[in-house]
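Hydrogens, waters and symmetry mates are skipped; everything else that's a heavy atom, side chains included, is used. All chains are named by letter (A, B, ...) in the order of the sequence lines, taking the proteins before the strands, and each is independently numbered beginning at 1.
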Amino acid sequence: MENVLDQLKEEIKIAFNELFNYECDIENISIDVTPKNFEGFYTLVIFPHLKSLKSKPEDAGDKIGKYLISNSTVVSDYNVVKGFLNLDLSDSYFKFLFNKMKKSKDWWKSQKKDNEVMVEFSSPNTNKPLHLGHLRNIFLGDSVSKIFEAYGYKAHKVQIINDRGIHICKSMVAWKNFSNGKTPESEKIKGDKFVGNYYVKFETENQKQIKKLIEEGYSEDDALKSTPLMKEAINLLQLWENKDGETIELWNKMNGWVYNGFESTYKSININFDKNYYESDTYLLGKKNVEKGLKNGLFYQKNDGSIWVDLIDEGLDNKILIRSDGTSVYMTQDIGTAIKRFEDFPKIEKQIYTVGNEQDYHFKVLFKVLKKLNYKWADECYHLSYGMVDLPDGKMKSREGKVVDADDLVNHMIETAKTRTSDLGKVDDFDIENLDELYRIIALGALKYFLLKVDPKKKMLFNPDESIDFNGNTGPFIQYTYARIKSILRRANKLEISYNNFDINKIKELSIHHKKIINHLNSFPDIIKTSAKTHSPSSICQYVFDLSKLFNSFYQHEKIIDGNNNETTSFKIALSDLTALTIIQSLELLGIDVPERM
RNA sequence: GCGUUAGUAGUUCAACUGGAUAGAAUAUCAGAUUUCGGCUCUGAGGGUUGAGGGUUCGAAUCCUUCCUAACGCACCA
């Protein structure tokens with residue numbers, strides 16, 4: 001009974017043979033999960049075997065169904081629709097599953113594997129505060145690493161911080177020119193917002209200077225490079241690369257402000273990393289490898305000194321790896337970072353990059369280059385590419401300032417949770433501290449679920465009105481189902497109804513609700529597996545939502561604490577308990593907490 | 001121009017990777033329960049899966065030609 005699918009296939013193989021004298025390989029027998037709108041749990045598709053069966057699909061299905069009822073240990077009933085044989089399974093099978101799940105707390109976890117994975121996510125620029133797009137990225141990466149943990153891997157959560165380059169120099173120039181020594185402390189704003197403001201300041205002031213130059217007769221291209229501000233920024237980058245003391249000091253100070261700001265955002269959404277990588281630490285290693293590759297004839301050098309890779313044979317393009325002035329590009333540091341990570345963690349089997357789909361091409365190139373450099377793990381690098389988050393009134397454009405700020409959004413969600421919850425008046429006896437925690441749990445549950453339920457690779461629409469909806473396919477709906485079960489369990493305990501030790505075999509008949517819930521619970525490990533293989537938390541969302549709906553339907557149709565206090569009562573309570581545990585575990589994979597009451 | 005990805009109820013998303021009558025949620029309408037928590041449950045309407053052609057027992061899914069959209073094609077990151 002441990003694996004019904006295999007068992008059913010074996011039994012069907014025998015049925016084919018005995019009824020139709022048809023030898024069929026077990027691999028050719030396909031059994032699917034029966035769709036919701038049909039009766040049964042598993043379905044045999046008969047069409048592929050028609051030629052060998054030499055009879056109409058309906059007749060064959062009928063014969064096999066009859067045969068299975070009398071010969072199978074798990075099939076209790078069947079129905080045939082066209083060429084599909086739907087099988088109902090026996091109570092004893094579901095009782096067996098129930099006992100198995102009840103016995104071990106970790107029944108749903110995969111066996112520990114010796115290998116590890118690394119998941120990179122978030123990876124912000126140090127000149128911009130986090131926004132809605134980052135949130136999708138962060139929740140995805142965080143969830144995927146948790147899913148891999150449940151699947152048996154050790155997962156390292158890391159981020160790469162783009163702490164170097166012309167962008168941060170622009171912020172530094174603006175601060176030097178326009179701040180009069182102001183600091184986040186003196187202005188009482190978050191460090192990332194503070195620095196971000198100077199980046200914007202640079203852009204607006206620089207635009208004015210460009211305009212002025214064009215009026216003085218510069219061409220547009222020349223004007224872009226010739227403004228006093230831009231010249232100062234370029235100069236600062238050179239000073240930085242030459243490790244000029246004063247420049248490095250300012251750079252450290254401003255990055256420090258930004259990191260403090262990020263840290264407080266991460267804290268507010270319950271996110272942490274095992275290790276940070278900094279571009280400034282890895283770009284030199286990248287350069288070294290590119291030069292090594294050049295020496296080995298893997299890359300080529302143009303007359304101006306720039307170094308390129310030719311990927312035309314692989315269906316890609318020529319791509320620059322090092323500029324003619326010897327400075328590195330984005331690709332260079334990514335090469336260095338990848339190598340460094342496999343040095344730091346020799347046991348990682350694969351590396352997952354959570355980065356938006358506008359960089360699909362970049363990662364194709366990166367993996368090919370690593371492969372050329374003869375790193376065999378290059379094949380195990382995976383770009384977890386996700387679609388943009390669109391807003392109802394058009395796209396987010398950070399340059400136009402049309403962004404949804406992460407901190408603002410979280411606060412807005414918390415406010416909404418507060419209004420909704422206090423309207424219901426069920427938690428009036430909570431003290432302030434618990435209330436604040438409750439609002440936070442609900443708000444983050446709504447937000448994370450909303451962003452995770454869509455298949456990562458697809459773009460998604462963020463509708464603020466719908467994201468704060470707490471009905472239907474939402475995080476709070478699932479949290480509510482959990483809280484409601486806990487309420488039942490509290491009552492059971494108060495009434496001293498024991499539900500840990502009872503003999504399930506004394507129950508005469510399981511209802512369809514019981515069977516469906518047990519069957520659904522049992523599929524949890526499979527869902528985790530596909531979720532890990534497809535790098536997609538959305539299947540976990542679908543799973544836990546369906547579980548909640550199944551439970552609510554059960555709850556509505558059957559009274560759980562029914563006054564009988566017999567084996568069936570205990571079983572129904574225990575089934576509720578098991579459902580609650582599975583809801584917790586599923587939501588944990590999504591990074592979502594649950595409240596005991598709400 | 002070239003390349004990549006996508007296009008599914010009014011709207012937001014599914015569809016176990018080629019299986020049935022394409023499912024949920026939401027909105028709308030009709031009902032149930034007001035007893036363990038009404039953020040619950042049951043039902044109805046709503047679709048030529050962007051369009052055409054092909055492959056086969058069978059296509060939203062694979063191939064092909066169009067149409068539309070996003071992204072990419074920098075000595076930017």
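Residue contacts shown for A:Gln479 are absent, as no nucleic acid heavy atom lies under 4.0 Å away. Nucleic acid contact class of A:Thr43 (heavy atoms, under 4.0 Å, all strands): base. Here A:Pro35 lies in heavy-atom contact (under 4.0 Å) with a base.
With hydrogens and angles ignored, no donor-acceptor pair closer than 3.5 Å exists between the side chain of A:Asn357 and the base of B:A6.
In this pair, A:Tyr361 does not lay its aromatic ring on the base of B:G72; centres under 5.5 Å and planes under 30 degrees do not both hold. Remark: ring of A:Tyr480 stacked against base of B:C39; centroid gap under 5.5 Å, plane tilt under 30°. Stacking between A:Phe38 and B:A20 is present: the aromatic ring centre lies within less than 5.5 angstrom of the base six-membered ring centre, and the two planes differ by under 30 degrees.
When only modelled atom types and interatomic distance are considered, A:Asp334 and A:His362 share a side-chain donor-acceptor pair under 3.5 Å. Under the 3.5 Å distance criterion, with hydrogens and angles disregarded, no donor-acceptor pair is assigned to the side chains of A:Asn127 and A:Ser171. Side-chain atoms of A:Asp163 and A:Ser280 include a donor-acceptor pair closer than 3.5 Å. A:Thr569 and A:Asp562 share a side-chain donor-acceptor pair at under 3.5 Å.
The nucleotide whose nearest atom lies closest to any side-chain atom of A:Lys36 is, among B:G23, B:A20, B:G37, B:G23. The side chain of A:Phe84 has B:A20 as its nearest neighbour among B:G37, B:C41, B:A20. Listed nucleotides B:A77, B:A6, B:G19 differ in distance to A:Lys457; the shortest reach to its side chain belongs to B:A6. Taking the side chain of A:Tyr555 as heavy atoms from C-beta on, and the options B:A77, B:C57, B:C36, the nearest nucleotide is B:C36. For A:Thr34, the listed nucleotide lying nearest its side chain is B:A20; candidates were B:C39, B:A20, B:C36. In this structure, the nucleotide among B:G19, B:A25, B:G37 sitting nearest to the side chain of A:Arg484 is B:G37. For A:Met598, the side-chain atoms get nearest to B:C39 when compared with the rest of B:G23, B:C39, B:A20. Of the candidates B:U26, B:C39, B:C41, B:C41 carries the atom nearest the A:Gln556 side chain, counting heavy atoms from C-beta on. In the set B:A20, B:U26, B:A25, the nucleotide with an atom closest to the side chain of A:Phe545 is B:A25.
Atom name P, nucleotides B:A15 and B:G23: the rounded distance is 14 Å, in whole Å. Distance noted for atom P between B:U48 and B:U4: 30 Å (whole Å). Using P as the reference atom, B:G47 and B:A22 are 12 Å apart when rounded to the nearest Å. Only the P atoms considered, B:A59 is 16 Å distant from B:C16, to the nearest whole Å.
Each of A:Thr530 and A:Asn125 lies near RNA chain B, and the nucleotide nearest A:Thr530 is the one positioned closer to the 5' end. Nearest-nucleotide assignment on RNA chain B puts the 5′-proximal partner with A:Arg597, out of A:Arg597 and A:Glu358.
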For nucleotides 12-15 of chain B, give me every protein contact, N/O to N/O, under 3.5 Å, one pair per line with atom names.
| from | atom 1 | to | atom 2 | distance (Å) |
| --- | --- | --- | --- | --- |
| B:C13 | OP1 | A:Leu461 | N | 2.7 |
| B:A14 | OP1 | A:Asp455 | N | 2.7 |
| B:A14 | OP2 | A:Lys458 | NZ | 3.4 |

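Checked options A:Lys453, A:Lys457, A:Lys459; the residue passing with A:Asp455 is A:Lys457 (criterion: side-chain hydrogen bond (donor to acceptor under 3.5 Å, both in side chains)).
For B:U4, the base is anti relative to its sugar; the glycosidic angle deviates from 0 by more than 90°.
Side-chain contact check for A:Phe20 versus A:Ile64: some heavy-atom pair is nearer than 4.5 Å.
A:Arg597 forms no cation-pi arrangement with A:Phe430, by the criterion of a distance under 6.0 Å to the ring centre and an angle within 45° of the ring axis.
Between A:His49 and A:Phe16, the ring planes lie tilted relative to each other; the angle falls in the 30° to 60° range.
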